[in-house]
Amino acid sequence: MTSFSDGRPGAAWAVDVVVIGAGQAGLVAAYELQRRGVVGYSPTSRPQGLSARTFVVLDAEARPGGAWRHRWPGLRMSTVNMIADLPGMAAQPHSGSERAAEFIPEYFAEYESEFDLPIMRPVRVKQVRADDDRFWLTTTIGNFRARAILNCTGTWDTPFIPWYPGQNQFRGIQLHTRDYKDPELFWRKRTLVVGGGISALDHLDEISWVTENAYWATRTPPRWKDAEHFSSGNTGRGLGVEAGRAVERRVRERTEAGLRPLPVVATTGLPRNEKVLDMEERGLLNRRPMFDRLNAHGAWWGEEFVELDAIVWATGFRANLRHLAPLKLRSEGGGILMRGTRVAAYPNLHLLGYGASASTVGARRDSRAAVREIVDYLASD
């Protein structure tokens, strides 16, 4: 890999904007920066003396696709909420039977190639520190100095598993959605799926075909929504436009108060589609509340005990912001005080994929708005 440094020990690669992450939000941000005249930074293509603004995308993945590369094989395009087309190049039509872990990375790879986006991979950002009005990024390939950051690291690397008494005593299988791959692992095993989202329903459905003892537990009762809630104004491919905007407003109200964003399912609800109706007919949706405790052999609901061989935690993720810890962004409310996608304390730091921009449609729209603010910031700096 060609070095961008000037050869001095400890020298940093000086770039105006660093985009961290090349998932959906990162690709949209890169496209919008390029469209607004910010140049992809490369020592071999940048003319000497050119005063243009520059940017680079740092991606921890080995290949295009972001977290979609790691989704379980059974996740099909018909199951996921609508994947919004990236600007400038729509995805190929799909039947719904395609594996999401293959279809979406292929689309992202074509997109990167089409617009020749300046993506360096695999590069992991270890930490980010503030130095006056600039940022200093320590990465696995050296240091970067940036005037602004668009953070698009998503959530896949920070799975969330709630704690319950006796959890460490359970002798069966325990795994999170992040590590779920094949339902055959649960062949004839008494399995409890925990979680109230679409991933939990997908796991429950798959596992039910390999065992007669599949259970479902959620912290709160499922928030069922009619299919129209997810398809209105959206040709039936995902969360409806108006419903999506209402969700984003509720999430944004929390982040702009410095509170931790709610899980997506708490605001979007679950679709009563054909798959769900089939599961209901097969008796799979007899939801239990959360258990009180675990022991080596299963779970207790008060005085009732259910023997288990496996637990699947489909309990969501948290924003992957560990590399931003030196900036001390957390507020007393447990979240990050935001102004739209911008961190309130830093006019040159935007978090895409955090809060309202965590949705696929939100990532596209908010990336465009964030880039506009960043370009205005660079012009006024």
Side-chain angles (χ1 to χ4, degrees), residues 17-36 38 40 55-61 63-71 80-91 100 104-105 107-112 114-115 117-121 123-125 128 137 146 148-158 238-239 244-245 247-248 251-252 255 261 264 268 317-324 329 336 338-343 346 348-375:
V17 184
V18 171
V19 179
I20 306 176
Q24 181 157 349
L27 294 183
V28 176
Y31 172 86
E32 293 296 334
L33 284 166
Q34 201 172 69
R35 190 173 69 86
R36 289 178 173 272
V38 186
F55 80 100
V56 69
V57 182
L58 306 180
D59 186 34
E61 294 291 335
R63 293 184 296 278
W68 290 103
R69 297 179 55 239
H70 308 294
R71 305 287 184 177
V80 300
N81 273 338
M82 181 183 124
I83 303 304
D85 291 330
L86 300 176
M89 187 181 117
I104 297 174
Y107 170 44
F108 284 7
E110 292 171 3
Y111 191 86
E112 293 179 12
E114 175 68 20
F115 297 105
L117 300 178
I119 300 174
M120 301 178 68
R121 61 166 58 98
V123 180
R124 184 172 63 85
V125 177
V128 176
L137 294 82
I149 290 176
L150 290 162
N151 189 83
C152 309
T153 45
T155 62
W156 188 255
D157 288 332
T158 49
L239 188 65
R245 287 174 178 168
V247 167
E248 291 174 6
V251 175
R252 200 178 301 280
T255 57
V264 172
T268 60
F317 299 80
R318 297 289 185 263
N320 179 14
L321 303 175
R322 289 183 293 246
H323 53 293
L324 301 180
L329 303 179
I336 299 172
M338 303 289 294
R339 295 293 177 262
T341 62
R342 178 176 64 80
V343 176
Y346 292 94
N348 49 348
L349 173 60
H350 288 252
L351 307 183
L352 297 167
Y354 177 84
S357 63
S359 70
T360 53
V361 177
R364 173 173 174 170
R365 185 187 60 251
D366 286 352
S367 295
R368 183 181 298 117
V371 167
R372 184 168 57 247
E373 288 189 34
I374 288 293
V375 170

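Values below: all heavy atoms of this structure, side chains included; hydrogens, waters and symmetry mates excluded.
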Visitor: Looking at Asn320, is its backbone amide N or carbonyl O close enough to the side chain of Tyr354 to form a donor-acceptor pair, meaning the two atoms are under 3.5 Å apart?
Guide: no
Visitor: What pairs with Arg35 under salt bridge (charged side-chain N to carboxylate O under 4.0 Å, His left out), at least two apart in sequence or on another chain?
Guide: Glu32
Visitor: Answer yes or no: is there a side-chain heavy-atom contact under 4.5 Å between Val128 and Leu349?
Guide: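 Val128 vs Leu349: side chains apart.
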Visitor: Atom CG of Asn151 and atom OG1 of Thr341: how far apart are they, to the nearest 0.5 Å?
Guide: 11.0 Å
Visitor: Do the side chain of Tyr31 and the main chain of Leu86 share a donor and acceptor less than 3.5 angstrom apart?
Guide: no
Visitor: Does any part of the side chain of His323, heavy atoms only, come nearer than 4.5 Å to the side chain of Arg124, both counted from C-beta?
Guide: no
Visitor: Could you tell me if the side chain of Asp366 sits less than 4.5 Å from the side chain of His350, heavy atoms only?
Guide: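 With C-beta onward as the side chain, the pair stays apart.
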Visitor: With side chains defined as the heavy atoms from C-beta onward, is the minimum distance between Leu321 and Ile336 less than 4.5 Å?
Guide: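 A side-chain contact exists here, since the closest heavy-atom pair is under 4.5 Å.
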Visitor: Counting C-beta onward and ignoring hydrogens, is there a side-chain heavy-atom pair between Val57 and Glu112 closer than 4.5 Å?
Guide: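 No. Closest side-chain heavy atoms not under 4.5 Å.
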Visitor: At what distance, to the nearest 0.5 angstrom, does CD1 of Ile104 lie from CZ of Arg71?
Guide: 8.0 Å
Visitor: Which distance, rounded to the nearest 0.5 Å, do you find between the CG of Leu27 and the CD1 of Ile119?
Guide: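 So the gap between those two atoms works out to 5.5 Å.
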Visitor: If you define the side chain from C-beta out and look only at heavy atoms, does anything of Arg121 sit under 4.5 Å from Pro64?
Guide: yes
Visitor: Holding to ring pair (Phe, Tyr, Trp, His ring centres under 6.0 Å), I want the full list of residues that pass it with Tyr346, two or more places apart in sequence or in another chain.
Guide: Phe135
Visitor: So, do Gln24 and Tyr107 sit near enough that their side-chain heavy atoms are less than 4.5 Å apart?
Guide: no
Visitor: Would you indicate whether the side-chain heavy atoms of Thr153 and Leu324 approach each other to under 4.5 Å?
Guide: no
